[in-house]
Amino acid sequence: MGDGEVETFRIKDVRAYVVKGGGADYHDQSTNHWILGYIATPISIYPEYRASRASWGLNVLGSLVVEVEDSRGEVGFGVSTGGYPAAWIVENHLKRFVVGKYVGEIEKTWDQMFKATIFYGRRGLVMNAISAVDLALWDLAGKVRGLPVYDLLGGPVRDEIVFYATGPRPDIAKRKGFIGGKLPLKHGPADGIEGLRENVKIFKEWREQLGDDFLLMYDCWMSLDLPYAMRLVNELKPYGLYWIEEPFIPDDYWSYGALAQILPPTLLASGEHESTLHGFRMLLEVGKVNVIQPDITWVGGITPMIKISALAEAYGTYVIPHGSSVYGYHFIITRVNSPFAEYLVVSPDATEIIPQFSPLLLNEPVPENGRIRLSRRPGFGVELNRKIELVRIK
Ligand SMILES: [Mg+2]
């Protein structure tokens, strides 16, 4: 460490909060929201958990907010999902690795947080907690230097980001200037041949309505088995399926690898529920995916993304982060192998383009004509919306 002025600021406090009612945990919505509706999941094989994703608890956790404050009183913040248990981990375990570090000492902090939590988790809650801390540290590092995070990552490689939209209304996405639309898959293997026919019919009708040049994808949210996925892809190929997303659970790299053999020209996309550099190596090497989709608010933040993205580039693979809002945008704009981004349509009926983490952030940009130009505001360029209830956890 040198003796520059910036490096003398040290982290003096870490604070964890829980927020309910949407935000980074965009599944935490009221039950009339499309995202909690009739969508295939791994638990759809049980009829009692078929009609609503809220019925088995997809909406229980809530958003996590972490603030870090330096010795001068400057505050950075980051967000994730994971709610109360993730906030507890931040306050009672991770905090010790952050307080006392100088602003910008992020790689070491991340490595310590990760190695100290391996004994109880390498995906999910623990990585949610680490993500929020990591994003808060990058936000603070940018604010202290007066630079946007994308400048800390090497600077932009393009002037603006183009988007595809995820939701059940790709027609509205096309009209609003998005380059593509990703549909939630409605039926899984338990819905039988009728369900499969319905999945194909829905896709075919959108393709006919939206034309050949609009990217159309299916998000399967881990709901399929290999034989079903093979059949579905073969039936959709004539209608230009651009990619099939997350057909299997994250652990089943071998089904991914087997499906990859019959896919071209359809691409295989996955990784929103994957974590660690080694997990992504498995997905690339064994799973043979063409597009990886780490969620920057779940995978551990910006710090592991630098390594995962470099690994993916060596495999000729796109990195199109899942969700992630501004945390994704600041990363994507600095990487050649991230040519476009996801916008998750979070309005309840999927008709309006509202901020992805609404109502958690202020100044959160939304795609206009399917595009975003990032501001030069320091850090991630957003503030916490203090009008919503932040519950402090200790
Ligand atoms: Mg997905």
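When reading the values below, keep in mind they use all heavy atoms of this one structure, side chains included, and skip hydrogens, waters and symmetry mates. In this text, all values refer to a predicted model and were calculated from it rather than measured experimentally. Indexing begins at 1, ligand by ligand and atom by atom, following the structure's order.
- Sorting the N, O or S atoms of D219 by how far they are from the Mg ion (ligand 1) puts OD2 first.
- Stacking of R53 on the aromatic ring of W221 is recorded, both the 6.0 Å distance cut-off and the 45° axial limit being met.
- Closest approach between the Mg ion (ligand 1) and any N/O/S atom of E272 involves OE1.
- Each of Y327, Y150, F77 was compared with F380 under the ring-ring contact (aromatic ring centres under 6.0 Å, His included) criterion, and only Y327 meets it.
- Of all N/O/S atoms in E245, OE2 sits nearest the Mg ion (ligand 1).
- The Mg ion (ligand 1) lies at 2.8 Å or more from every N, O or S atom belonging to E246.
- Here the two rings, on F331 and W138, have centers that are 6.0 Å apart or farther.
- Proximity of the aromatic rings of Y329 and F163 is defined here by a centroid distance below 6.0 angstrom, and this criterion is met.
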